[in-house]
Amino acid sequence: QTTGLVGLAVAENPHERLRILYTKILGVLQNIPKDAAYRKYTEQIVNERFDLVKKETDVQKLQDKLNSGQIEEVILQAESELSLARKMIQWKPWEPLVEEPPSNQWRWPI
Amino acid sequence: TVRPKNEAEHKQLCAFGEYVAEILPKYIQQVQVTCLAELELLIHPDGIIPVLTFLRDHTNAQFKSLADLTAVDVPSRQYRFEIVYNLLSLRFNSRIRVKTYTDELTPVDSAVPVHQAANWYEREVWDMYGVFFANHPDLRRILTDYGFEGHPFRKDFPLSGYVEV
């Protein structure tokens with residue numbers, strides 16, 4: 001029983017772990033305004049994966065259906081998505097543009 | 001001979017560029033896709049860390065690898081230096097370029113908290129161009145000689161330098 005990747009231990013009970021992570025992400029997303037694009041798309045992704053996790057109990061078949069590498073990698077990705085959601089609440093990237101660039105800034109050739 | 005244009009790839013890159021621009025309208029000023037099928041995001045300098053963390057952590061954009069960090073000097077502009085980050089996604093096998101701007105005196109947020117690989121690249125940009133990175137753990141010269149004065153890659157620095165060897 002091994003993941004085949006250096007430094008990633010095999011996860012026992014990955015369904016439970018993914019369930020906890022996805023519920024946490026959805027909880028954090030509630031603090032973002034409803035019309036923000038980040039909230040819409042992340043909720044869509046998380047709900048899709050959550051439904052797949054709930055329906056499929058076999059680990060191998062779940063890995064194939066998610067098509068995103070090993071289950072341990074999926075868990076890692078969910079953890080980083082959770083930390084990203086928490087940081088997004090502070091940065092608020094859905095607001096309009098901070099500052100327009102000077103008109104010649106992005107002109108190429110000059 | 002000219003490289004044949006891959007319409008599907010081009011369309012995919014455009015779609016992804018619009019996706020990212022919709023999620024981060026606060027920092028992204030422009031999105032462009034070059035004729036060689038390379039996606040570029042043009043950013044306001046305040047948004048370096050948010051955009052890089054988003055590109056690293058989001059599920060649809062797992063750009064875990066920082067391939068390159070450079071700067072471009074265009075002296076005729078108000079913000080003469082253009083900082084360029086090249087990211088690679090191993091999961092989706094795709095690359096993206098993030099560009100910011102700054103002038104000689106404004107510090108820029110360091111990308112080291114997001115990508116450890118940025119450490120020496122930022123030291124090189126500081127040494128060669130003089131762009132200061134705030135919150136960098138160890139910003140000092142890396143390629144020039146110990147007592148060297150000046151920033152060699154700037155356009156106003158002469159080719160054979162100021163000191164005779």
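We name chains A, B, ... by the order of the sequence lines, and we start the count at 1 in each one. In this text the structure is predicted, and so the values were computed from the model without any measurement.
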Give, as side chain, backbone, both or neither, the part of Arg91(B) having an atom under 4.5 angstrom from any heavy atom of chain A.
side chain
Tell me whether the NZ or CZ atom of Lys54(A) lies within the 45° cone about the ring axis of Phe50(A) and under 6.0 Å from its centre.
yes
What part of Ser68(A) lies closer than 4.5 angstrom to a heavy atom of chain B: side chain, backbone, both or neither?
both
Residues Glu40(B), Lys99(B): salt bridge by 4.0 Å N-O rule
yes
Counting a contact as any heavy-atom pair under 4.5 Å apart, which residues of residues 33-47 of chain A contact chain B?
Ala37(A), Tyr38(A), Lys40(A), Tyr41(A), Thr42(A), Ile45(A)
Output field: ring centroids His151(B)/Trp126(B) closer than 6.0 Å
yes
Just checking, any donor-acceptor pair under 3.5 angstrom between side chains of Glu79(A) and Gln77(A)?
no
Is it true that Gln29(B) and His44(B) share a donor-acceptor pair across their side chains at a distance under 3.5 Å?
no
The interface call for Gln90(A) against chain B, heavy-atom contacts under 4.5 Å, is neither
Cut-off 4.5 Å, heavy atoms of chain A, and the answer for Ile43(B) is backbone
Is any NZ, NE, NH1 or NH2 atom of the basic residue among Arg19(A) and Glu16(A) found under 4.0 Å from an Asp or Glu carboxylate oxygen of the other?
yes
Are any non-hydrogen side-chain atoms of Met128(B) and Leu143(B) less than 4.5 angstrom apart?
yes
If the threshold is 4.0 Å, N to carboxylate O, is there a salt bridge linking Arg80(B) and Asp103(B)?
no
So if I take each residue of residues 101-110 of chain A and look for any heavy atom under 4.5 Å from a heavy atom in chain B, which residues do I end up with?
Pro101(A), Pro102(A), Asn104(A), Gln105(A), Trp106(A), Arg107(A), Trp108(A), Ile110(A)
